[in-house]
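Have a look at the structure below, then the notes.
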2 protein chains.
Amino acid sequence: MHFMSESATTSLREQKRWETSQRITLCAQRLTDEHGLDGFTMDDLAGAAEVSRRTLFNYFPSKLDAVLGEHPEIPPAVLATFHTGGPHGDLVEDLAELARAVLAVKQPDRGQVELVRRLMSTNPRLLVAAHERFEGITEEFTELVLEREGAGFDRARARLLLRLLLALFDTALVELLQEGETRSLDELFEVQLATTRQLFTS
Amino acid sequence: MHFMSESATTSLREQKRWETSQRITLCAQRLTDEHGLDGFTMDDLAGAAEVSRRTLFNYFPSKLDAVLGEHPEIPPAVLATFHTGGPHGDLVEDLAELARAVLAVKQPDRGQVELVRRLMSTNPRLLVAAHERFEGITEEFTELVLEREGAGFDRARARLLLRLLLALFDTALVELLQEGETRSLDELFEVQLATTRQLFTS
DNA sequence: GACATGAAGTGCATTCTTGCACTATCAATC
DNA sequence: GATTGATAGTGCAAGAATGCACTTCATGTC
């Protein structure tokens, strides 16, 4: 017979872990939207996500982290390729490849992005946490670039590049909100990337 | 806040275990209905019920058992009450109380009963297994009656009583199919019980 | 200010789920 | 009639979810 094949690449365990993580974050975001960050308890969230309160803390170290969701994760294989000189050899193009890998894992839709942005603007603490997280990501990837390019590469230069790419990504998110439903996030990312190239290629 | 109270009497663990058990059996019955007992593998069932194949065997010792579902379980408190002379002191009435406890745990609906009966008639092996199970239940409760009533009570008499009650229960199930949706199983059980009393209380 | 209350977060033992390698059987095929 | 392949069922170890008791901290109340 053979129904339910879906994807042979992820074990049942990974799949369920992912679903639970997503469910927790989605519930946390909805609760925050409806009642504010302090308007619900971890017990409420546990109930909504249908897990125990303890399990919540197995997934996320704090309430804020639960709302923000899991760090974007890049498949080790893709990361390894980047580390050894990337698939194309061009730094910018290879970083873009990493971004594509992130988008391949989970493509947030318009509603998701809209909700998260609303939460940010309503709730400063979330914004702070998100900002810190982005700082962390910047550093992390800066380090990655330095490892790849060798000690000759200037740290400040790497950091600038990462900041630029994050800004580019963020712009794509805003575009997603402004557009009708015409283009998906990965498409918009490509557009921003092309435009940026055009702008700087005199 | 406090949404999601539902029932404080069952722990999250018990609740999830129950749901999984029910999901497995429901899927197993549907698969049997659509493809026959040998028309699907345990792997298929695992996929349909969204658990690992191993977990299937944690719940049920065999494929047949998965299709038949879990033994009806009576809350220990109710059982203890019966054991020490029952809530009313009248043997028949107290056994009826046990039956009510079973129905209180899970009330199968018309569709469920219909499906299971169809499976039975289509698939002899299931019927055999079900029959064996009923034999087991009879013995189990016979033992219970003997423990309660003391050694003075005749084993054959206890067994007869249990057989009668099971027949009564089975009649209620058939009635559930024949009726429109007018009465639920527990109501029908009461009707059969009353009628039986009438028949034998000359 | 002492004190109670409620909620976040942690440590740890228990139970459950999964993955994987294994055996046993049965049926088809050569 | 040996062999191969598919499927039922089991043993065991690793990983995940739960329950519960605990600490910490903030806020409100007397």
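Values reported hereafter were calculated over all heavy atoms of this structure, with side chains retained and with hydrogens, waters and symmetry mates removed. This structure is a prediction, so every number in the text was calculated from the model and none was measured. In what follows, chains are A, B, ... by sequence order, proteins preceding strands, each numbered from 1.
- Side-chain contact between B:R148 and B:D94 is present, with heavy atoms from C-beta onward closer than 4.5 Å.
- Two residues are said to be in side-chain contact when any heavy atoms from C-beta on lie closer than 4.5 Å; A:M42 and A:F60 fail this criterion.
- Distance, B:L64 CG to D:dT7 P: 17 Å, rounded to whole Å.
- Surrounding CZ of B:F134 are at most 12 heavy atoms belonging to other residues, nucleotides or ligands under 6.0 Å away.
- Summarising the geometry, the separation between CG on B:D65 and C1' on D:dG9 is reported as 12 Å, rounded to the nearest angstrom.
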message = Using a 4.0 Å heavy-atom cut-off to protein, can you give one letter per nucleotide of nucleotides 16-23 of chain C, 5' to 3': B if the base is in contact, S if only the sugar-phosphate is, - if neither?
response = SBBBB---
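- With respect to the salt-bridge test (charged N to carboxylate O, under 4.0 angstrom), the residues A:R100 and A:D186 do not qualify.
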What donor-acceptor contacts under 3.5 angstrom involve side-chain atoms of residues 66-81 of chain B, with partners at least two apart or in another chain?
from: B:E70; atom 1: OE2; to: B:S21; atom 2: OG; distance (Å): 3.4
from: B:T81; atom 1: OG1; to: B:A77; atom 2: O; distance (Å): 3.0

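- For the pair A:M42 CE and D:dG19 P, the interatomic distance rounds to 16 Å; values are reported in whole Å.
- A straight line from CG of B:L45 to C1' of D:dG9 spans 14 Å, rounded to a whole angstrom.
- Atom CD in B:E19 sits about 15 Å away from atom C1' in D:dT18, given to the nearest Å.
- Here the P atom of nucleotide D:dA6 and the NZ atom of B:K63 are 16 Å apart, to the nearest Å.
- For B:F57 and C:dA24, the CZ to P distance is 16 Å, given to the nearest whole Å.
- Other residues, nucleotides and ligands contribute only 12 or fewer heavy atoms inside 6.0 Å of the CZ atom of B:R157.
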